[in-house]
Amino acid sequence: DVKVTQSSRYLVKRTGEKVFLECVQDMDHENMFWYRQDPGLGLRLIYFSYDVKMKEKGDIPEGYSVSREKKERFSLILESASTNQTSMYLCASSLGRQETQYFGPGTRLLVL
Amino acid sequence: DAKTTQPPSMDCAEGRAANLPCNHSTISGNEYVYWYRQIHSQGPQYIIHGLKNNETNEMASLIITEDRKSSTLILPHATLRDTAVYYCIVRVAQVGVTSGTYKYIFGTGTRLKVLA
């Protein structure tokens with residue numbers, strides 16, 4: 001069974017804080033993804049990575065950065081959190097670029 | 001730029017088959033259809049996917065029309081635990097980035113309620 005875990009289920013931060021969201025997968029998957037999910041907008045891709053130290057922008061990368069130093073771990077960084085980044089953040093991974101994505105449980109972030 | 005259209009909600013009696021429709025009239029020849037579901041406050045769970053042939057696994061069946069403009073997910077014997085939001089997704093090639101990468105275009109999904 002594929003296991004994708006995220007560091008926190010719920011997080012509350014203040015405007016301007018630096019926020020780290022961590023994602024770990026245990027299946028040696030090459031690709032990892034970060035999405036955010038908002039009511040009425042569905043899931044939107046923020047960034048993805050297809051190899052260690054490699055990253056590509058998704059549809060809404062502004063205000064975010066990512067880090068992939070190890071194959072199993074993909075971090076999403078909010079350099080200076082803002083209230084419009086309050087959302088559900090979902091991490092996913094896939095074995096190859098064309099393979100099925102498997103999602104983690106999500107982190108619900110509230111920025112005050 | 002959602003490529004799929006689904007009814008916002010459906011009900012199904014427990015033990016009956018749940019048939020969830022999806023329209024994807026602008027799908028291209030090499031774009032796969034994926035189905036996921038999301039139970040409240042959890043991450044999306046993969047169900048099934050297909051290109052042009054019908055597919056079946058232990059969870060569900062996927063029927064894709066010959067023209068590929070629509071598909072139906074079938075849960076053969078719905079249980080209360082199948083209550084969730086079901087997403088029909090088209091997997092498209094990423095444009096302008098490293099070749100061979102794909103992304104999912106999520107729609108807004110169908111909220112399926114299985115009734116006792």
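FYI, side chains are in, hydrogens and waters are out, and symmetry mates aren't considered; it's all heavy atoms of this structure. Naming: A, B, ... by sequence-line order, numbering from 1 per chain.
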In terms of heavy-atom proximity below 4.5 Å to chain B, should [X] be classed as side chain, backbone, both, or neither?
X        : answer
A/Arg108 : side chain
A/Met88  : side chain
A/Glu99  : backbone
A/Gln101 : both
A/Leu43  : both

Using a strict cut-off of less than 4.0 Å between a Lys/Arg side-chain nitrogen and an Asp/Glu carboxylate oxygen, indicate whether A/Asp51 and A/Lys71 qualify as a salt bridge.
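Judged by the 4.0 Å cut-off on N to carboxylate O distance, A/Asp51 and A/Lys71 do not form a salt bridge.
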So, are B/Glu31 and B/Arg91 salt-bridged, with charged N and O less than 4.0 Å apart?
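Not counted as a salt bridge, because no side-chain N and carboxylate O are separated by less than 4.0 Å.
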According to the interplanar angle, ranging from 0 to 90°, do the rings of B/Tyr36 and A/Phe103 count as parallel (below 30°), tilted (30 to 60°) or perpendicular (above 60°)?
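Aromatic pair B/Tyr36/A/Phe103 classed perpendicular.
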Side chain, backbone, both or neither: which part of B/Gln38 has a heavy atom under 4.5 Å from chain A?
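Side chain only.
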I'd like to know whether CZ of B/Arg68 has more than 12 heavy-atom contacts from other residues, nucleotides or ligands below 6.0 angstrom.
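For B/Arg68, atom CZ is crowded (more than 12 foreign heavy atoms under 6.0 Å).
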First locate atom OG of A/Ser49, then atom CZ of A/Arg68, and finally report the distance between them rounded to the nearest 0.5 Å.
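Here the interatomic distance stands at 4.0 Å.
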Would you mind reporting whether B/His24 and B/Ser71 have side-chain heavy atoms less than 4.5 Å apart?
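Side-chain contact under 4.5 Å: yes.
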Pairs of heavy atoms under 4.5 Å with chain A: top-ranked of B/Tyr34, B/Tyr87, B/Tyr32, B/Tyr104:
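Top count of heavy-atom pairs under 4.5 Å with chain A: B/Tyr104.
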